[in-house]
Amino acid sequence: AMVRVALRRVPSIRAQLRTQGLLEDFLKEHRPDMFNRRYAQCFPPGTP
Amino acid sequence: SLRLRRSSEKIYNFMDAQYYGEISVGSPPQNFSVIFDTGSADLWVPSSYCVSQACAFHRRFKAFESKTFQHDGRSFGIHYGSGHLLGVMGRDTVKIGDMTILNQEFGESVYEPGSVFVTAKFDGVLGLAYQSLAEILGNPVFDNMLAQKIVDQPVFSFYLSRRTRTSNPQGELLLGGIDETMYNGSINWLPVSVKRYWQVEMDSVVVQGAGSFCPSGCHAILDTGTSLIGGPTRDVMRLQQLIGATPTNNGEFVIDCTRLSSLPRITFILGGKEYTLTSEQYVRKEAFGINDLCFSGFQAFDIISPEGPMWILGDVFLTEFYSIFDRGLDRIGLAQA
């Protein structure tokens, strides 16, 4: 009762956007502060 | 709003995800490539009804072709910077390798905003964190595997290789066991400190010859859904200085590739055991035209949690250390990969 799943490694979306010269525009468009929010479970009220 | 905010963070981080594998959904099976992500707990794939440009580049689930599909009726939304990923929920048979999980709750995205998913090589995400992190109501996939007694042991293990051109496999997820051929030495077990992410207590982070961070302890998340090592801004900025990394316009930090041999080792101390990364291991080389660019493998994340400052140990760490996620005893095992 085990299963092996082969994983493929590919360039990250960030690396692809950088290679295409699109990363800077992407980050401007998509508010880079959002990158820091992923793990925050509960920002205190009033946190910018 | 907290729930939406919580899930929004997952989606952004997939910008840095690198490893994916194949699953199928439905009867007859429809194949999808997904990120096996220990930093989230939901399963979602694009829907055939998805109207976004991003979905045109990916395989999409055709619920009407599946004999085992059950419509759920609820919608789900993942807030995403300038837009939302929107979807509907359903249940269906999910297959991973030879294993069949019945009545698995999952999301079908019908709208994927922006350009991120246009570039993505994967179709969706399969979360492996604890149920308390799930956005979609119901059991996450591994919880269902345990409930349906599909695996003998309540563990799964990751081997991630950084040498993609020469290595075979490039990575491996073993559901239900530990592959003893994938690591050297003994396994160091760490208790999960909070059952949400795969979170453990970390003793400290030491930079060779230059002091330490979190000297009185902090928390760390082991996350296969991101590529870098994240830590509090104050610490990571100082760390970038210590390794001679300079910022770019994109918030990334570059290092002179010719200096790698002179950079300090960085040691993470977990459960009293040292996990050391050399500069060759914590610097990411990426081809850029005819040259290589060297990027720091560290990124600032300010995480406000009841447990205090948090670090995120992503692929930069996990490529060096075989990782075992034990739901039976709520612990994480690490060994030299």
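Values below: every heavy atom of this structure, side chains too, minus hydrogens, waters and symmetry copies. It should be emphasised that the depicted structure is a prediction, and the values quoted were computed from it without experimental measurement. The chains referred to below are lettered A, B, ... by the order of the sequence lines, with proteins before strands, and numbering in each begins at 1.
Enclosure of atom CD in B:Glu307 by more than 12 non-hydrogen atoms of other residues, nucleotides or ligands within 6.0 angstrom is indicated.
Atoms NZ and CD, from B:Lys121 and A:Gln16 in turn, are 4.5 Å apart once rounded to the nearest 0.5 Å. A distance of 9.0 Å separates OG of B:Ser33 from CZ of A:Arg8, quoted to the nearest 0.5 Å.
Between chain A and the residues B:Leu174, B:Asp152, B:Ile23, B:Ile96, the most heavy-atom pairs under 4.5 angstrom are made by B:Leu174.
At a 4.5 Å heavy-atom cutoff, the contact between B:Leu160 and chain A is made by side-chain atoms alone. The part of B:Phe295 that comes within reach of chain A is its side chain, from C-beta onward, which places non-hydrogen atoms under 4.5 angstrom from that chain. Residue B:Ile150 touches chain A through its backbone alone, counting heavy-atom pairs closer than 4.5 Å. For B:Gln18, the parts lying near chain A are the backbone and the side chain together; criterion is any non-hydrogen pair under 4.5 Å. With a 4.5 Å cut-off on non-hydrogen atoms, B:Asp98 touches chain A through its backbone but not through its side chain. Neither the backbone nor the side chain of B:Asp315 comes within less than 4.5 Å of any heavy atom of chain A.
Judged by distance alone, the side chain of B:Gln170 and the main-chain N or O of A:Arg9 form a donor-acceptor pair under 3.5 Å.
The shortest distance between side-chain heavy atoms of A:Leu7 and B:Phe158 falls below 4.5 Å. Using a 4.5 Å heavy-atom cutoff, the side chains of A:Val3 and B:Phe156 are not in contact.
What you find for A:Met2 and B:Gly176 is that their closest heavy atoms are CG-O, 3.3 Å. Nearest heavy-atom pair, A:Arg4 versus B:Asp179, reported as atom, atom and distance to 0.1 Å: NH1-OD2, 2.6 Å. Shortest non-hydrogen contact noted between B:Gly21 and A:Val5 is CA-CG1, 4.3 Å.
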Handout entry: Criterion salt bridge (charged side-chain N to carboxylate O under 4.0 Å, His left out) on B:Glu252 and A:Arg18, from CA distance to verdict
Key = CA-CA 11 Å; B:Glu252 299 175 294; A:Arg18 189 194 304 116; 2.3 Å; yes
Exercise for the section: Give the intermediate values and the outcome of side chain to side chain contact (heavy atoms under 4.5 Å, CB included) for residues A:Ile13 and B:Phe122. Expected result: CA-CA 10 Å; A:Ile13 294 170; B:Phe122 53 89; 4.2 Å; yes
